[in-house]
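Contents: one structure, followed by commentary.
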Amino acid sequence: QVQLVESGGGLVQPGGSLRLSCAASGSIFWIYAMDWYRQAPGKQRELVAGITRGGRTNYVDSVKGRFTISRDNAKNTVYLQMNSLKPEDTAVYYCHADIKTYDRSSSYRQDDYWGQGTQVTVSS
């Protein structure tokens, strides 16, 4: 089994910064794309930022110029640096990854995995 664990969320004032981390562990053979999603109360979950294993990135328009996604493949970890935070950034942020796994019989499979989420609240 694979586990994704997020950290770094919390309460911050408008204009402040936070850095989220997500570490993957388990019987991992290879991690392809990694992403950050968020979901605010009463709203659909949306893709915030994504990054390929080679470092190609994409962002939702509302965070361009403020957020930066990065990854450390040796640590199976993805980060989201969030600057100039706004109240509308308030949401639960979820880590997502496309991962190829293996078991003791050397069987392989590729699946999507999700973290449990970390709360980000931007308020004065």
Side-chain angles (χ1 to χ4, degrees):
Q1 294 185 352
V2 170
Q3 183 179 21
L4 302 181
V5 179
E6 301 103 334
S7 62
L11 175 65
V12 65
Q13 294 187 352
S17 297
L18 286 173
R19 189 187 191 220
L20 305 183
S21 299
C22 172
S25 61
S27 300
I28 298 170
F29 178 77
W30 197 258
I31 301 180
Y32 299 91
M34 303 186 81
D35 313 278
W36 287 98
Y37 287 74
R38 68 185 180 188
Q39 187 167 24
K43 299 185 66 176
Q44 296 290 321
R45 186 173 298 188
E46 68 171 346
L47 175 65
V48 178
I51 184 168
T52 68
R53 186 173 183 86
R56 187 173 69 249
T57 61
N58 65 280
Y59 302 89
V60 67
D61 287 344
S62 60
V63 308
K64 288 182 178 178
R66 300 188 297 120
F67 291 10
T68 302
I69 188 171
S70 61
R71 65 189 288 171
D72 186 336
N73 292 331
K75 296 181 179 180
N76 290 334
T77 299
V78 64
Y79 306 93
L80 185 67
Q81 178 66 47
M82 304 185 294
N83 299 325
S84 302
L85 283 162
K86 304 175 181 179
E88 51 263 44
D89 295 318
T90 296
V92 177
Y93 284 70
Y94 297 91
C95 177
H96 167 266
D98 180 18
I99 301 176
K100 189 173 185 178
T101 61
Y102 63 92
D103 60 22
R104 289 185 177 273
S105 64
S106 297
S107 297
Y108 296 86
R109 61 183 296 165
Q110 188 170 332
D111 299 287
D112 294 324
Y113 293 89
W114 292 88
Q116 293 185 352
T118 184
Q119 177 70 48
V120 172
T121 302
V122 185
S123 176
S124 59

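- Every salt bridge (Lys or Arg N to Asp or Glu O under 4.0 Å) that Asp61 has, sequence neighbours left out, goes to Lys64.
- Thr121 and Ser123 share no donor-acceptor pair across their side chains, judged by distance under 3.5 Å alone.
- Under the salt bridge (Lys or Arg N to Asp or Glu O under 4.0 Å) criterion, Lys75 pairs with no residue at all, not counting sequence neighbours.
- Checked by atom type, the side-chain pair Arg56/Asn58 shows no donor-acceptor distance below 3.5 Å.
- Using a 30° and 60° split on the angle between ring planes, Tyr94 and Trp114 fall in the perpendicular class, above 60°.
- Listed for the Arg109 side chain is no donor-acceptor partner under 3.5 Å among the backbone atoms of Asp103.
- Between Val92 and Tyr37 there is no side-chain heavy-atom pair separated by less than 4.5 Å.
- Taking a 6.0 Å sphere around CD of Gln1, one finds it holds 12 or fewer heavy atoms contributed by other residues, nucleotides or ligands.
- Of the N and O atoms on the side chains of Arg38 and Tyr93, at least one donor lies less than 3.5 Å from an acceptor on the other residue.
- At a threshold of 4.5 Å between side-chain heavy atoms, the hydrophobic network of Ile, Leu, Val, Met, Phe, Trp and Tyr places Phe67 and Leu47 in two separate groups.
- Between the side chain of Ser124 and the backbone N or O of Gln13, no donor-acceptor pair lies under 3.5 Å.
- Taking the six-membered ring where the residue is Trp, Phe29 and Tyr108 present perpendicular rings, their angle passing 60° and hence far from 30°.
- Applying the side-chain contact (heavy atoms from CB on, under 4.5 Å) criterion to Arg19, with sequence neighbours excluded, gives Tyr79, Gln81.
- Judged purely by atom type and a 3.5 angstrom limit, Gln116 has no side-chain atom pairing as donor or acceptor with the backbone of Val5.
- Without hydrogens or angle criteria, Tyr59 side chain to Arg66 main chain gives no donor-acceptor distance under 3.5 Å.
- Side-chain contact check for Asp89 versus Met82: every heavy-atom pair is 4.5 Å or farther apart.
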